[in-house]
Structures are given as C-alpha cells and as structure tokens.
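Data block below; observations after.
A note on names: the letters A, B, ... follow the listed sequences, proteins ahead of strands, and every chain is numbered from 1. Atom set for the values below is all heavy atoms of this structure, side chains included, hydrogens, waters and symmetry mates excluded.
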Number of protein chains: 2
Amino acid sequence: MAIKERKEREKQEMRNLIIESATRMFLKQGYDKTSIRNIADDIEYSPATIYLYFKDKDEIFYVIHENAFDILDQHLRQHDGIADPVERLDAIGRTYIRFGLENPDYYDLMFIMRAPMEQIKNEEKWKAGECAFGYLLTTLSECLEQKKIRPADLHVTAIQVWSYVHGLVSLYVRERMCILMLPDDATREVLYSSFALFISNLKT
Amino acid sequence: MAIKERKEREKQEMRNLIIESATRMFLKQGYDKTSIRNIADDIEYSPATIYLYFKDKDEIFYVIHENAFDILDQHLRQHDGIADPVERLDAIGRTYIRFGLENPDYYDLMFIMRAPMEQIKNEEKWKAGECAFGYLLTTLSECLEQKKIRPADLHVTAIQVWSYVHGLVSLYVRERMCILMLPDDATREVLYSSFALFISNLKT
DNA sequence: TGCATTTACTAAACAGTGTTTATTATATTT
DNA sequence: AAATATAATAAACACTGTTTAGTAAATGCA
C-alpha cells in the first residue's frame, strides 16, 4: 500500500505550497494583506481548500513563525566559535539586532504579534523560543562562571539582556524611534552604540 | 450668532461621546472587537454618523492614544519631588513598568500598535511621545551632571533606559515571558528585579 | 472490469469588518 | 413661508476568515 505514503507526501507538498505562497506574500505585503483568498488565488486553488490543510490562518502563520526561528538560530549559532563568552554575547546581541532590522516582518511575527502565541497555548511549549533563549542562557552562564560579567541570578540576567535588545528592535520596528528625530541610518547607529554601552556596563 | 458656538460645542460633545464609548470598549474587549458598528450601537447612532466626526477608525484610536499618554504622564510626574535624580530615575522606571503591567491595552496602543503612528506621520510630530521622552532626558541629564551614572552620550543613555523598560513590558504584554515558565506573579517579580539590576549596573 | 466508497475540491453562503454614497429629515436663514 | 444648509441614516461596496453542502475524481473491493 504505497498509495498511502504517496498521499501523505502529496499532502505535505500542498502544505508546503501554501506556506511558500503565504511566506512570499507576508514578506512582500505584510500580515494583514496576506489573506486566505490572496493565497488561494496565488496557488490557484479555492479558499476552502486551504482549510483542508490548515485549521485556520493562525496555523499557517505559526509555521512561518517557526521557520523564522530556524533562520535566526542559524544566524546566532554562527558565533559558536568565539571562545570568550562575553565577546560571543556581544556578537549574538549585534546579530540579533541586525536580524530584527533587516527582517522586520519576521521579527514582528516572532516577538511582537499575538497570533503565533495563541497557537502555542493550545499546543505544548514555545519550543522555538526556548531554543533561542537556551542559547542565551548557556552563553550567560559561561560569562558568570568565568566572572566576566557582574554576578547576578542567571535568569534575571538573561531577561535583562533579551529585554534590552528586544526593546531596541521593537521600538525601531514599530516606529517609535522617530522620537530621536534622526535619519534612519543614524538611528540604527544609536541602537548599536546603545547596545555596546549596555554590554560594557554589564562587564565586571 | 451664538448658534455657531452651540453647534461647535455639540460637535465636540458628540466627539467625546464617541471617544468615551470607544475607550470603554477598547479597555473591555480590546482593539479588534471595538468596531465602528459596535460603537455606533453603543451610542445609538448609525455607523455612518461616526464618519461625520472622525476621518476613520485610526483617528479615534489616535485620540485614545493621546489620552493614555496624559494618564502615564500624571503617573510619572508624581516623582517630581524626589531630589536625587538616580532615585527619581528608579521610581520613574518602576512606575512605567507598573503602568504597562496594569494597563496592557493602553500600553499596546502607546508603544506597540502601528495604527496611532500612521496618524502621526500625516500630522506633525509625536507630541505625546516627546513629552514623556523629554522627562526622561531631563532626569538623565541631571544624573550625568552629578556624575551619578556612568558617563555616556545623553541620547544613547536615554534610548538604553527606555528600550530596556519597554523590552520588559512589551515581552510581558505580548506573552513572550512565558519562556520563564513561572506563574504570573513570579514573572512580574523577575521584571522588577531585572530592572533593579539594570539601574545598579548604570550607577557609577 | 464494474460498482461502492472514500478522498479532494469548490461554489456559495455566513457573519463579520471599515468606509462611501445617495437620500431623507431636521434646523437655520432669508 | 420658502429656500437653504446641516445632521443623520439606510444601503451598498469591497473586503475579511470560515463553514456547509454538493460535485467530481481516485481508490478499494468483488
């Protein structure tokens, strides 16, 4: 009965087709303009067909959300080779910020929008988030062990670092950095300078 | 011609009626469920009437956004009496965090949602934001003058502080703090502890 | 092979949304 | 009292996510 396997494969291909189309549209026109009807038009199926492969719109965006975490993860793990944990922390932070600035829509979906988190409530855990946060925890615990940053509770420190870079990126992405009344490239410079200052304040 | 004045007054009263209804609904059921039709139902007018007093839905929420800034401002200015600027900074930060945790919908509108910022582009400046940010700048420049915090560029430091508290609150409000896998009250405690640590790292 | 059954798909509808237009009723001015 | 200006609305437009009922094709079994 190889038919069942082929059917399963075809089902997965259709899911991929939908996700690919949705991702293209999302990155081009944003969440709101990526409607089920637009996706259906794009892949040349009826809107109702999409509901045979995904429970609802949120489920589609949950998959995109997970894919985005894979991409961020690849970026962050690039710094695995840096021996000094504080230097690594600095590199991770700058890469995180750069990822946010260069992929504002992905960043939105990963860390700002409510939709993907609704999905997580009904499932089990925020696996993708835990993976990235775990990497931060590992790096920070090395920093603390080697007494290279000011001593404090590991989780409190992690929240401090994450909140900080998230604050920078999310204020920028959601257009609150206009408060500086600077041109865009100068604003970005302030973000990186501010992060550098933060890291230097963290050091022992 | 006192009629014109009365008409002007009536127009303003109608605007207030709409804003009051919209605010009530927004705080009770959130942005999405506050539809023009729901507001119209609530004030017992037709949906089209609302468009005689407001250009669109965003304009209504822009007014609510401005009102929210007034409320935050009142909270923050409570600490005007604190002589030591670092102590004042600490109090301001904690009040900002508390405001965000206790008024998540207002916080959303003020610092996360895109809608109100669209309005600002078409107008002049982000007056409400500048007011609050100005207060932070004043406090920080005092801290720097008195050499009570580590020396650095004023604006870079301000962005550092704001990004940090915003990061804490926005990750909480948009449900990313679930990563800590702690009950709600413990999570809030981590936020405050993390801020305390941040302030102590900022001090000279 | 022929028939029954399962699977895949879709047209149409439902219940919403923000917004605009054409029309009516009311209030003001002349 | 008639003409004009203002205020309010019913209905429509163009969307949205989602569900239902019905059709056509592929598969399982005799």
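- One can place CD1 of B:Ile39 at 8 Å from P of C:dG18, the figure rounded to the nearest angstrom.
- Counting to the nearest Å, the P atom of C:dT10 and the CD1 atom of A:Ile36 are 14 Å from each other.
- Rounded to whole Å, the distance from CD1 on B:Ile60 to P on C:dG18 is 9 Å.
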Listing time: all N or O pairs from protein to nucleotides 7-10 of chain D that are below 3.5 Å?
| unit_1 | atom_1 | unit_2 | atom_2 | d |
| --- | --- | --- | --- | --- |
| D:dA8 | OP2 | B:Tyr53 | OH | 2.5 |
| D:dT9 | OP2 | B:Ser46 | N | 2.9 |
| D:dT9 | OP2 | B:Thr49 | OG1 | 2.5 |

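- At whole-Å resolution of the value, CG in B:Asp58 and C1' in C:dG18 are 10 Å apart.
- When the local axes at the two ends of the helix from C:dG2-D:dC29 to C:dT30-D:dA1 are compared, using 5 base pairs at each end, they differ in direction by 20° after rounding to 10°.
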Give every pair of a protein N or O atom and an N or O atom of nucleotides 13-15 of chain C that lie under 3.5 Å apart, one pair per line with the distance.
none

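- With a 6.0 Å cutoff to the six-membered ring centre and a 45° limit on the axis angle, A:Lys57 counts as a cation-pi contact of A:Tyr31.
- The nearest whole Å value for the distance from the CG atom in A:Asp32 to the C1' atom in C:dT17 is 12 Å.
- No side-chain donor-acceptor contact under 3.5 Å links B:Arg88 to the backbone of B:Val86.
- With A:Glu59 contributing its side chain and A:Lys55 its backbone, the two residues share a donor-acceptor pair below 3.5 Å.
- With respect to B:Arg114 and A:Asp108, a salt bridge is recorded, a charged nitrogen being found less than 4.0 Å from a carboxylate O.
- Aromatic ring orientation, A:Trp162 versus A:His166: tilted (interplanar angle from 30° to 60°).
- Using the six-membered ring where Trp is involved, A:Phe195 and A:Phe198 have ring planes that are parallel, under 30° apart on the 30 and 60° scheme.
- Here the side chain of B:Ser21 pairs no donor or acceptor atom with the backbone of B:Leu17 at under 3.5 angstrom.
- In this structure, A:Phe54 has its ring center at least 6.0 angstrom away from the ring center of A:Tyr62.
- For the pair A:Ile199/A:Lys203, a side-chain contact is recorded, criterion being any heavy-atom separation below 4.5 Å from C-beta on.
- Here C:dG16 presents its C1' atom at 13 Å from CG of B:Asp41, a figure rounded to the nearest Å.
- Among the heavy atoms of the strands lying under 4.0 Å from A:Asn38 are primed sugar atoms or P, OP1, OP2 only; no base atom is included.
- Counting heavy atoms from C-beta on, the side chains of A:Tyr96 and A:Tyr107 come closer than 4.5 Å.
- Straight-line distance from the NZ atom of A:Lys57 to the C1' atom of D:dT19: 18 Å, rounded to whole Å.
- Two residues, A:Ser35 and A:Lys55, neighbour DNA chain D, and the one matched to the more 5' nucleotide by heavy-atom proximity is A:Ser35.
- Across the protein-nucleic acid pair, A:Phe54 atom CZ and D:dG17 atom P stand 15 Å apart, rounded to whole Å.
- Counting heavy-atom neighbours within 6.0 Å of B:Glu44 CD, excluding the residue itself, gives a total of 12 or less.
- Within the 4.0 angstrom heavy-atom criterion, only backbone atoms of the sugar-phosphate kind lie near A:Asp56; the bases stay farther away.
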